[in-house]
Amino acid sequence: EVQLVESGGGLVQPGGSLRLSCAASGFSFSSFSMNWVRQAPGKGLEWVAHVSSSSGTIYYADSVMGRFTISRDNAKNSLHLQMSSLRDEDTAVYYCVRYDSDYVGSWFDPWGQGTLVTVSS
Amino acid sequence: IQMTQSPSSLSASVGDRVTITCRASQSISQYSNWYQQKLGKAPRLLIYAASSLQSGVPSRFSGSGSGTDFTLTINSLQPEDFATYYCQQSYSTPWAFGQGTKVEIK
């Protein structure tokens, strides 16, 4: 069974830092690109960051560029999101998501259960 | 590329046919996906590449469209289908989601 389990969320003050992790199992982690998607309380979904299977290609949403860093460790089947200079508006549930694709397109599947990050003084 | 869903919410009864639409701000060919999210849970992929049903998803769900206009249809709405539905474009980064459509019980 494919599983993605996030950890590392919590309460942090504005301007602070936090590192999220995602443990992957049940599939060949090193063969897939991975993403982080977030959802502010009561709001919709917002894509945050993407890393290719070999870490050769990385993309960020404008809202986190320069503050967040996505990385992965294929030897440990893990995905990370280093978040710094956190703002109130970064408060959200952060989902670890596998990126799948073929000749017809690409999609996010599956999703982890999410980890809540709260930025507040 | 922006994705605009309509309606933002709807009320329907068990057994109804429900249609949710999504419009892209520019042509995205068939690069559109649909997700279902139940309260307090992670989203779940329903439809990818506009019309392909994800494995394990009931056949009452279907998707159609190309270019800028896409539709998610739920035939014979079931109690477990009451949730929020999101479209998403996978044509180019930043990958964007629609604002969501909440399907509620009438």
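Chain naming here is simple, since letters A, B, ... match the order of the sequence lines and numbering starts at 1 in each.
B:L53 and A:W107 fall into different hydrophobic clusters, where Ile, Leu, Val, Met, Phe, Trp and Tyr side chains are chained together by heavy-atom contacts under 4.5 Å. No continuous path of ILVMFWY side-chain contacts below 4.5 Å connects A:L20 to A:V97, so the two sit in separate hydrophobic clusters. By the criterion of side-chain heavy atoms lying less than 4.5 angstrom apart, applied directly or through intervening Ile, Leu, Val, Met, Phe, Trp or Tyr residues, B:V103 is not grouped with B:L39; the two fall into different hydrophobic clusters. A:F29 and A:V2 end up in the same hydrophobic cluster when Ile, Leu, Val, Met, Phe, Trp and Tyr side chains are linked at under 4.5 Å. No continuous path of ILVMFWY side-chain contacts below 4.5 Å connects A:V93 to A:V119, so the two sit in separate hydrophobic clusters.
Enclosure of atom CZ in B:R23 is not indicated, since only 12 or fewer non-hydrogen atoms of other residues, nucleotides or ligands lie within 6.0 angstrom. Within a 6.0 Å radius of CZ in B:R60, other residues, nucleotides and ligands contribute more than 12 heavy atoms. Applying the 6.0 Å contact sphere to CG of A:D62 captures no more than 12 heavy atoms from other residues, nucleotides or ligands. Other residues, nucleotides and ligands contribute over 12 non-hydrogen atoms within 6.0 Å of the CD atom of B:E104.
For A:F108, the parts lying under 4.5 angstrom from a heavy atom of chain B are both the backbone and the side chain. Residue contact with chain A, scored on non-hydrogen atoms closer than 4.5 Å, is absent for B:Y91. Only the side chain of A:V37 has a heavy atom closer than 4.5 Å to any heavy atom of chain B. When heavy atoms are compared at a cutoff of 4.5 Å, A:Y99 approaches chain B solely by way of its side chain, counted from C-beta outward. Within the 4.5 angstrom heavy-atom criterion, only side-chain atoms of A:N35, from C-beta onward, approach chain B.
Atom CH2 of residue A:W47 and atom CD of residue B:Q88 lie 10.5 Å apart, to the nearest 0.5 angstrom. With values rounded to the nearest 0.5 angstrom, B:Q99 atom CD is found 11.5 Å from A:L45 atom CG. In this structure, CD in A:Q39 is found 4.5 Å from OH in B:Y86, a value given to the nearest 0.5 Å.
Annotation: maximal heavy-atom pairing with chain A below 4.5 Å, among B:P94, B:P43, B:S52, occurs at B:P43. Between chain B and the options A:Y95, A:Y59, A:Y60, the largest number of non-hydrogen pairs under 4.5 Å is found for A:Y95.
The distance between the ring centers of A:W111 and B:Y35 falls below 6.0 angstrom.
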Test side-chain contact (heavy atoms from CB on, under 4.5 Å) applied to B:W95 and A:H50, step by step: CA-CA 10 Å; B:W95 295 303; A:H50 166 99; 3.5 Å; yes
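Judged by distance alone, the side chain of B:N33 and the main-chain N or O of A:S106 form a donor-acceptor pair under 3.5 Å. When atom types are taken as modelled, the side chain of B:Y48 and the backbone of A:V104 share no donor-acceptor pair closer than 3.5 angstrom.
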